[in-house]
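In what follows, chains carry the letters A, B, and so on, assigned in the order in which the sequence lines appear, proteins first and then strands, with residues in each chain numbered from 1. All values below were derived from every heavy atom in this structure, side-chain atoms included, with hydrogens, water molecules and symmetry-related copies excluded.
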There are 2 protein chains.
Amino acid sequence: MSDEQLVATVRHFNRSVTQRVGALDDAYLTRGRPLAQARLLWEIGPAGAEIAALRTRLNLDAGYLSRLLRTLEGDGLVMVGSADGDGRVRTARLTAAGRAEWDVLDRLSDELAWSILAPLSESQRARLAGAMAEVERLLMASLVELQPCHPGDPRARACLRAYARELDRRFDGGFDPARSGMDDEELVPPNGLFLVATLSAEPVGCGALRLHPGGPAEIKRVWVSESVRGLGVGRRIMGELEQRASAAGADTVRLDTNRTLTEAIRLYRTSGYHEIPAYNDNPYAHHWFAKPLDPAAAPPL
Amino acid sequence: MSDEQLVATVRHFNRSVTQRVGALDDAYLTRGRPLAQARLLWEIGPAGAEIAALRTRLNLDAGYLSRLLRTLEGDGLVMVGSADGDGRVRTARLTAAGRAEWDVLDRLSDELAWSILAPLSESQRARLAGAMAEVERLLMASLVELQPCHPGDPRARACLRAYARELDRRFDGGFDPARSGMDDEELVPPNGLFLVATLSAEPVGCGALRLHPGGPAEIKRVWVSESVRGLGVGRRIMGELEQRASAAGADTVRLDTNRTLTEAIRLYRTSGYHEIPAYNDNPYAHHWFAKPLDPAAAPPL
DNA sequence: TCATATAGCTGACTTTAGTCAGGTAACCAG
DNA sequence: CTGGTTACCTGACTAAAGTCAGCTATATGA
């Protein structure tokens, strides 16, 4: 398919599917309540939710949200109480009546989904579900955003914790972050940089670059969350780091890795990296890779 | 996949894809204008549109639509004039400024689509577009509604005209509706019935049933529009007619067909019909089929 | 302990969306 | 040419959505 055809397909999909199904959904799942209230009730869910979380998830004005909560409280569907830790943070929970209402919405949501499947034949149903899952997955991949951030940023901290946890689980003999110590300051311009990958504001991956003026740049701490693995996020992070390394004047990037990280090693090999002799004494490293950078292919960002 | 898994997939899709992409679309394509105005401007399009058509397409109240048009006229984007034929029918057209604005929306729509494709690899793009097209097609199939209507209904007339046009094109020697004449009254309960298939209120297919108390029912005038062929609509129409025949007490349905309608013949054969000797002297018929009905499988509707 | 920041709340708005009951002009069938 | 229909318009609403400034209570860091 040509790019024009791809774009036309996506446009068509956006209009027809999005609008039609979206309208169906809204009409069906509000139960006479205003849409905003219904959505809020749904989003609070049986487990309850912090108000700040609701605000970001539904992208609502603080005042507006507060008012919506008062209405739901007035209807006896929701209770808002202070959380244990911080007295400013408040948590919304469903009352028994609210939970009953939520269960109805849950059931209606099932019915709506079934009403879409029902007119189709067995094989069409399977194809539809398969295609929907594929669209969702790839759209997820497309909505992952890469941006530089300070390694001390809460999103970066979350990624680095998950990274260390995973290495500890996978390395023979575990992983001690202290032994591969690297100061945050080394991952801040002009010494280096830290990239975080987010999916609707949730951190789902990271990667860091250490710049050594006059020598090869070094890629470190590339990690991708389970939830988005297999969507090419790792490859995008690598590509972005390489571009930035090139823009900063490096003509080579290199990295080290542990033999247990087989999918990472595969990624390096298929991305133009070749194995080189050890260039450091990282106790966790078994393989060292390098890739020459083509300055022409790396327009400054 | 089990039914539960299918439903879960569809629900997930509805929430994440529909809402996310829908919100993106709306935010991106309104250009500071209220959503309803932006949609209306878009829907009028470079070719202009009759107001009645806009009303049904956008599903708007007549008064509300009128007011929206006045606003767009006030902004110099649209002109509303009477159509040539009927002085009551009015047509909305874009002014030069309106056309310019429409072009911007068109471009933005392309950009939005591209922004979804851009972060993906070549092969992911192709897979996404493929899956989107599949979802759209199957959703279309699912949104086709079957309902009985009077053969004099405008939707029925439109289908029957298209049906006759197609037969005339395909039969050796053409087709003259008069020679296969059947009175509308024969296709109205209790003598028979007429089904129309609609996709968002547009007629896209039809089928008729002629009841002969004490004898086999007869299926006639099954037609499916090009736009939804291959989506199983024909099979659904047949199934629905058979159920209604069974509910009306028939134990057999039969039908005749022309040898040029190969895909119809294939449909009959794969739906449990077997060829029988001629039971009428329809000059256009080359094959006659019958299917026994199982009363247990046909719950009254 | 005091200044400052954070999390949420309230009141006073504006804008958008949507509905409904009349209207008027054009058409149409007898 | 008359009475009914159709296609659209206007005025007068209501409800929902969204914005903004200023407020209170709690936390935090020097």
Side-chain angles (χ1 to χ4, degrees), chain A residues 19 22-23 26-27 29-44 48-75 77-93 152-154 201, chain B residues 19 22-23 26-27 29-44 48-75 77-93 152-154 201:
Chain A
Q19 281 185 20
D26 291 347
L29 298 179
T30 51
R31 305 238 308 141
R33 228 182 294 283
L35 184 56
Q37 277 179 45
R39 274 214 244 269
L40 177 54
L41 183 68
W42 176 258
E43 210 60 46
I44 292 170
E50 291 193 356
I51 291 188
L54 294 170
R55 206 165 46 226
T56 56
R57 256 190 282 168
L58 294 167
N59 195 23
L60 293 174
D61 171 87
Y64 186 27
L65 173 58
S66 186
R67 208 177 316 281
L68 288 172
L69 284 168
R70 291 301 84 70
T71 311
L72 290 177
E73 265 186 331
D75 293 350
L77 299 169
V78 163
M79 281 166 32
V80 176
S82 287
D84 302 334
D86 188 328
R88 292 166 304 182
V89 175
R90 312 238 294 154
T91 305
R93 300 190 175 289
D153 183 289
Chain B
Q19 281 186 19
D26 290 347
L29 298 179
T30 52
R31 305 239 306 145
R33 228 180 294 283
L35 185 56
Q37 277 180 44
R39 274 214 243 269
L40 177 54
L41 183 67
W42 176 258
E43 210 60 45
I44 291 171
E50 292 193 356
I51 291 186
L54 293 170
R55 205 163 49 225
T56 57
R57 256 190 284 169
L58 293 167
N59 194 24
L60 292 175
D61 172 86
Y64 185 27
L65 173 58
S66 186
R67 209 178 315 282
L68 288 171
L69 284 168
R70 292 299 86 70
T71 310
L72 290 176
E73 265 186 330
D75 293 350
L77 299 168
V78 163
M79 280 167 33
V80 176
S82 287
D84 303 334
D86 189 329
R88 294 166 303 180
V89 175
R90 311 239 292 156
T91 305
R93 300 190 175 288
D153 183 290

Q | Within residues 63-73 of chain B: residues closer than 4.0 Å to DNA chain D (heavy atoms) | A | B:Gly63, B:Ser66, B:Arg67, B:Arg70
(Q) OP1 or OP2 of C:dA25 versus the side-chain N and O atoms of B:Arg90: is any pair under 4.0 Å? (A) no
Q: Take B:Thr91 and A:Gly32, find for each the nucleotide of DNA chain D with the closest heavy atom, and name the residue whose nucleotide sits nearer the 5' end.
A: B:Thr91
Using atom [atom1] of [X] as one end and atom [atom2] of [N] as the other, report the distance to the nearest whole Å.
X: A:Glu50; N: C:dG8; atom1: CD; atom2: P; value: 8 Å
X: A:Leu40; N: D:dA17; atom1: CG; atom2: C1'; value: 14 Å
X: B:Asp86; N: C:dA25; atom1: CG; atom2: C1'; value: 11 Å
X: B:Asp61; N: C:dT16; atom1: CG; atom2: P; value: 18 Å
X: A:Leu58; N: C:dG8; atom1: CG; atom2: P; value: 14 Å
X: B:Leu60; N: D:dA7; atom1: CG; atom2: C1'; value: 16 Å
X: B:Arg88; N: C:dG23; atom1: CZ; atom2: P; value: 20 Å
X: A:Ile51; N: C:dT10; atom1: CD1; atom2: C1'; value: 14 Å

Nearest to the side chain of [X], heavy atoms from C-beta on, is which of [options]?
X: B:Leu35; options: D:dT6, D:dC9, C:dA17; answer: C:dA17
X: A:Val89; options: D:dC8, C:dA7, D:dC20; answer: C:dA7
X: A:Pro34; options: C:dG8, D:dA17, D:dT6; answer: D:dA17
X: A:Val80; options: C:dA25, D:dC8, C:dC9; answer: C:dC9

Heavy-atom closest pair, residues [X] and [Y]:
X: A:Ala92; Y: A:Ile51; answer: N-CG1, 4.4 Å
X: A:Leu54; Y: A:Leu65; answer: CB-CD2, 4.3 Å
X: A:Glu73; Y: A:Val80; answer: OE2-N, 3.2 Å

Q. Sub-3.5 Å donor-acceptor pair from the side chain of B:Asp61 to the main-chain atoms of B:Gly63, do we have one?
A. yes
**Q.** B:Val89 backbone acceptor or donor facing B:Glu50 side chain under 3.5 Å
**A.** no
Q: Report the C-alpha separation of A:Asp26 and A:Arg39 in whole Å, then their side-chain angles, then the decisive distance to 0.1 Å, and conclude whether the side-chain contact (heavy atoms from CB on, under 4.5 Å) test is met.
A: CA-CA 9 Å; A:Asp26 291 347; A:Arg39 274 214 244 269; 3.7 Å; yes
Q) Between B:Arg67 and B:Thr71, is any side-chain donor less than 3.5 angstrom from a side-chain acceptor? A) no
Q: Using a heavy-atom cut-off of under 4.0 Å over every strand shown, decide if A:Ala62 touches base, sugar-phosphate, or nothing.
A: nothing
